[in-house]
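Please read the structure below before turning to the comments.
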Amino acid sequence: MRLAVQRWPDPIDPSRPPLLLVHGVTASSRTWWRIGPALAALGWQVVAPDLRCHGRSACPTPIGRWDAADDLAETVRAELGDVRLDVAWGHSLGARTILQLLVREPELAGRVVLEDPPGLRGDRTEQIANWRREADLVRRDPKALAAEVRERNPDWEERDVAGVTADVADCRIEAIISAVVGGAAMLDPTEALVAQLAMPMLLLLADEERSGLSGPSRLATVARLPAGSRTVEIAAGHSIHRDAPQVYLAAAVSWLGGPRAAGH
């Protein structure tokens with residue numbers, strides 16, 4: 001399925017090395033309002049899709065194990081043709097989906113940036129209940145949800161708060177929950193996916209107590225990174241790109257060193 005996308009710049013400039021930017025669960029491409037333009041200013045062609053059942057994308061169900069990765073592949077080719085991605089970059093579920101995509105099509109990208117990918121969890125009852133509560137609240141009183149997000153994240157810019165509120169309103173929460181409960185969204189451990197790939201990766205991790213990747217999964221993922229990779233821990237929560245955007249961008253750009261044309 002072809003996904004809805006945001007592009008920086010828009011329309012696409014084929015002379016720029018392409019960079020794929022993929023959001024996390026219950027979010028959308030609007031989460032990259034700061035990061036996408038900043039990367040474009042450095043010379044990349046940025047394409048940021050809304051995953052299936054998120055943002056402006058359609059929501060055919062049920063969501064199978066490979067559907068999200070297949071959606072990305074179809075969308076990348078529709079947007080960019082057969083050009084190899086310079087960078088595939090994802091947050092949380094977006095990071096895991098990129099890894100799934102590259103396990104199946106490793107030639108699709110030269111480099112990878114993973115922002116706090118998720119570890120496997122057992123009981124998700126509390127998390128799912130909160131997703132449902134927020135989805136109900138945003139329908140009844142979006143200002144109340146915005147106030148909650150603002151209170152939890154006092155250092156966020158107002159556009160981040162508004163973006164989370166809009167994303168919760170847009171996502172089809174029951175379809176997403178069905179995918180999580182059924183395992184489609186979380187079947188493959190991050191460390192197992194990383195171990196199957198050879199391209200260099202930058203792993204940007206939140207503080208362990210606030211990270212989606214902790215304990216043995218965190219250690220195993222770091223240990224299995226391919227040659228040429230780097231791990232950077234940033235004093236931030238799971239949404240590093242919102243909590244510490246300047247540090248986040250600086251760490252990523254320092255490692256990437258700028259855009260690279262295909263074949264370099």
Side-chain angles (χ1 to χ4, degrees), residues 2-52 54-57 68 71-73 75-81 83-98 101 108-117 153 156-168 170-171 201-202 204 206 232 234 236 238-261:
R2 186 170 179 177
L3 303 169
V5 301
Q6 288 199 65
R7 309 171 191 88
W8 296 279
D10 189 12
I12 285 175
D13 179 349
S15 70
R16 290 166 168 255
L19 184 152
L20 178 68
L21 199 53
V22 187
H23 65 83
V25 69
T26 74
S28 79
S29 57
R30 64 167 60 92
T31 196
W32 304 118
W33 67 269
R34 179 196 293 107
I35 305 302
L39 294 171
L42 293 170
W44 279 285
Q45 173 61 60
V46 181
V47 174
D50 295 342
L51 292 172
R52 179 182 297 222
H54 294 74
R56 296 175 294 118
S57 287
D71 292 345
L72 284 185
T75 302
V76 165
R77 291 193 170 94
E79 292 287 319
L80 300 167
V83 176
R84 186 189 196 205
L85 294 168
D86 179 24
V87 184
W89 182 321
H91 171 230
S92 192
L93 176 63
R96 183 190 296 278
T97 305
I98 280 172
L101 170 64
L108 197 59
R111 301 181 285 175
V112 177
V113 176
L114 305 173
E115 178 190 352
D116 214 49
N153 305 283
W156 282 14
E157 291 195 31
E158 190 58 34
R159 190 165 175 181
D160 289 312
V161 173
V164 169
T165 306
D167 285 344
V168 172
D170 285 347
C171 74
M201 301 181 188
L202 174 64
L204 298 171
V232 178
I234 297 174
H238 179 56
S239 292
I240 310 171
H241 66 281
R242 296 187 185 107
D243 286 357
Q246 299 307 319
V247 176
Y248 172 85
L249 267 173
V253 173
S254 173
W255 181 76
L256 290 168
R260 293 182 187 172

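Everything quoted here is computed from the prediction, not taken from an experiment.
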Value rounded to 0.5 Å, distance of [atom1] in [X] from [atom2] in [Y]:
| X | Y | atom1 | atom2 | answer |
| --- | --- | --- | --- | --- |
| Ile234 | Ile240 | CD1 | CD1 | 5.0 Å |
| Leu19 | Ile35 | CG | CD1 | 11.0 Å |
| His91 | Thr97 | NE2 | OG1 | 12.0 Å |
| Ile98 | Met201 | CD1 | CE | 10.5 Å |
| Leu249 | Leu39 | CG | CG | 6.0 Å |
| Glu115 | His23 | CD | NE2 | 13.0 Å |

Min side-chain heavy-atom separation [X]-[Y] under 4.5 Å:
| X | Y | answer |
| --- | --- | --- |
| Leu202 | Leu256 | no |
| Val87 | Pro17 | no |
| Trp89 | Leu114 | no |
| Val113 | Leu21 | no |
| Val25 | His54 | yes |
| Val47 | Pro18 | no |
| Ile12 | Leu80 | yes |
| Leu51 | Val22 | yes |

Taking all non-hydrogen atoms of both residues into account, name the closest pair between [X] and [Y] and its distance.
| X | Y | answer |
| --- | --- | --- |
| Ala244 | Ala236 | CB-CB, 4.3 Å |
| Val232 | Ala251 | CG1-CB, 4.3 Å |
| Ala206 | Asp116 | N-OD1, 3.1 Å |
| Pro9 | Asp13 | CG-CB, 4.3 Å |
| Trp8 | Ala48 | CZ3-CB, 3.7 Å |
| Pro259 | Asp86 | CA-OD2, 3.5 Å |

Arg16 and Val83: CA distance, side-chain angles, deciding distance, side chain to side chain contact (heavy atoms under 4.5 Å, CB included) verdict: CA-CA 11 Å; Arg16 290 166 168 255; Val83 176; over 6 Å; no
Closer than 3.5 angstrom, by distance alone: can the side chain of [X] be matched with the main-chain N or O of [Y] as a donor-acceptor pair?
| X | Y | result |
| --- | --- | --- |
| Arg56 | Val5 | yes |
| Thr75 | Leu3 | yes |
| Asp50 | Ala4 | no |
| Arg242 | Thr31 | no |

Pairs touching residues 23-44 that satisfy salt bridge (Lys or Arg N to Asp or Glu O under 4.0 Å), sequence neighbours left out: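 For residues 23-44: Arg30-Asp167, Arg30-Asp170, Arg34-Glu157, Arg34-Asp160.
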Mutual orientation of the aromatic rings belonging to His241 and Trp32 [parallel < 30°, tilted 30-60°, perpendicular > 60°]: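 Geometry flag for Trp32 against His241: tilted rings.
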